[in-house]
Every structure is written in C-alpha cells, then in structure tokens.
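Take a look at the structure below.
Only heavy atoms go into these numbers, but all of them, side chains included; no hydrogens, no water, no symmetry mates.
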Amino acid sequence: MTIAHYAYTALDCANPVELAHFYSKITGLKVQPFDEGETPESCEWLELLDENNRTKMAFQKIDNYRAPTWPQGAIPQQVHMDFHAKDLDIAEKDLLELGAIKTEFQPKPHRFRVYLDIAGHPFCIVQSDAD
C-alpha cells in the first residue's frame, strides 16, 4: 500500500526567482508565471514545470537564509540533488558559466562532480549514458 506519491523537491533560498531561473537553465524546465499582482520582489514561492505543467521543483523564500557550509562547518547540506549528464566536462563548463561553483570536495570526479548552486545548495552532476 502506498501512503503518498513523491511530487517534487522544494529548496529554501533567499531569492526564489534567481534560483528557479538557475535550475531552469540546467534542466530545461520552465519557470511558472507569476500570480496576478506578484513581482520578482514579492515572490515567496516559485515552481519549475514540465511540458504538462506539472511541478518538478520549487523554491521558497526564507528570511535570513543561510547557505550550507558542507562538507564542514555548522550548517550541513541538508539535501542535495543529482542530475545526469553524458559528458561531465561539457556539463561543468556550462554550469560554471551559469554561476555554479565547483567544490573542492570531489570524492569521485570521474563518476560525478559536486557543485554549489547560486544559493549555496550542493548538487551533483553524475556521468550517465542516458539523457
């Protein structure tokens, strides 16, 4: 028996608009339109939608947001996402151009690479033959 079905991941951040656009460029998912009267400055929650307008990721504005200090420090990573790419070098070049930061901690760079998004959340690009 299934109690519930997984829907999507929501990330806390200081600026949901910036972070949604960052991940939109990585995934190709579209950023949901603002609600009537909503502006980038007033936005508290923003979603990325697939081609059927189903939410795949969400971003929630948190006052006094503090980025993880992982792998060391007082603030653990809390959550991270993995994305697949056919060519890690090409993906890395594109990610760095978007503003991602490659971490010093790279346990298996031939299989996956660790980055921080523009809000400081860790994520990985994993070598995969599939799209």
Closest approach of [X] to [Y] (non-hydrogen atoms, all atoms of both residues):
X: Pro68; Y: Tyr65; result: CD-OH, 3.4 Å
X: Leu116; Y: Phe123; result: C-CE2, 3.7 Å
X: Phe59; Y: Cys13; result: CB-SG, 4.2 Å
X: Phe112; Y: Leu88; result: N-CD1, 4.2 Å
X: Thr39; Y: Ser42; result: N-OG, 2.9 Å
X: Leu48; Y: Ala20; result: CD2-O, 3.5 Å

Note to self: Ignoring hydrogens and geometry beyond distance, is a side-chain donor-acceptor pair present between Asp82 and His80 at under 3.5 Å?
What the structure shows: yes
Exam field: side chain [X] to backbone [Y], donor-acceptor pair closer than 3.5 Å:
X: Arg54; Y: Asp50; answer: no
X: Asp35; Y: Glu38; answer: no
X: Glu44; Y: Gln60; answer: no
X: Thr9; Y: Met57; answer: no
X: Thr55; Y: Glu47; answer: no
X: Ser128; Y: Lys86; answer: no

Tell me whether [X] shares a hydrophobic cluster with [Y], the cluster being built from Ile, Leu, Val, Met, Phe, Trp, Tyr side chains joined at under 4.5 Å.
X: Trp45; Y: Leu29; value: no
X: Ile125; Y: Val79; value: yes
X: Val31; Y: Leu49; value: no

Check: For Asp94, what residues pass the side-chain hydrogen bond (donor to acceptor under 3.5 Å, both in side chains) criterion, not counting sequence neighbours?
Finding: none
Next item on the list: Test Glu92 against Tyr115 for side chain to side chain contact (heavy atoms under 4.5 Å, CB included), laying out the working first.
Entry: CA-CA 9 Å; Glu92 179 170 304; Tyr115 302 88; 2.9 Å; yes
Distance check, rounded to the nearest 0.5 Å: [X] atom [atom1] versus [Y] atom [atom2]?
X: Asp117; Y: Glu18; atom1: CG; atom2: CD; answer: 10.5 Å
X: Lys93; Y: Asp87; atom1: NZ; atom2: CG; answer: 11.5 Å
X: Ile118; Y: Asn15; atom1: CD1; atom2: CG; answer: 7.0 Å
X: Ser24; Y: Gln32; atom1: OG; atom2: CD; answer: 12.0 Å
X: Ile62; Y: Leu11; atom1: CD1; atom2: CG; answer: 10.5 Å
X: Ile26; Y: His21; atom1: CD1; atom2: NE2; answer: 13.5 Å

Next item on the list: Evaluate side chain to side chain contact (heavy atoms under 4.5 Å, CB included) for Phe83 paired with Cys124, printing each intermediate quantity in order.
Entry: CA-CA 6 Å; Phe83 298 90; Cys124 294; over 6 Å; no
Check: Would Thr27 and Lys56 satisfy side chain to side chain contact (heavy atoms under 4.5 Å, CB included), going step by step from the backbone distance to the final call?
Finding: CA-CA 10 Å; Thr27 63; Lys56 294 298 181 179; over 6 Å; no
Notebook entry, point to check: Is the centre of the His121 ring less than 6.0 Å from the centre of the Tyr23 ring?
Noted result: no
When you compare the side chain of [Y] with that of [X], does any pair of heavy atoms fall below 4.5 Å?
X: Pro122; Y: Phe105; answer: no
X: Trp70; Y: Val114; answer: yes
X: Lys108; Y: Val126; answer: no

A quick test of your reading: do over 12 heavy atoms of other residues, nucleotides or ligands sit less than 6.0 Å from [atom1] of [X]?
X: Glu97; atom1: CD; answer: yes
X: Lys30; atom1: NZ; answer: yes
X: Asn64; atom1: CG; answer: no

Next item on the list: For the pair Asp12 and Arg66, find out whether any cationic side-chain nitrogen is under 4.0 Å from an anionic carboxylate oxygen.
Entry: no
Next item on the list: Apply the test side-chain hydrogen bond (donor to acceptor under 3.5 Å, both in side chains) to residues Thr103 and Gln106: give CA-CA distance (whole Å), side-chain angles for both, the deciding distance (0.1 Å), then the verdict.
Entry: CA-CA 7 Å; Thr103 66; Gln106 297 291 329; 3.1 Å; yes
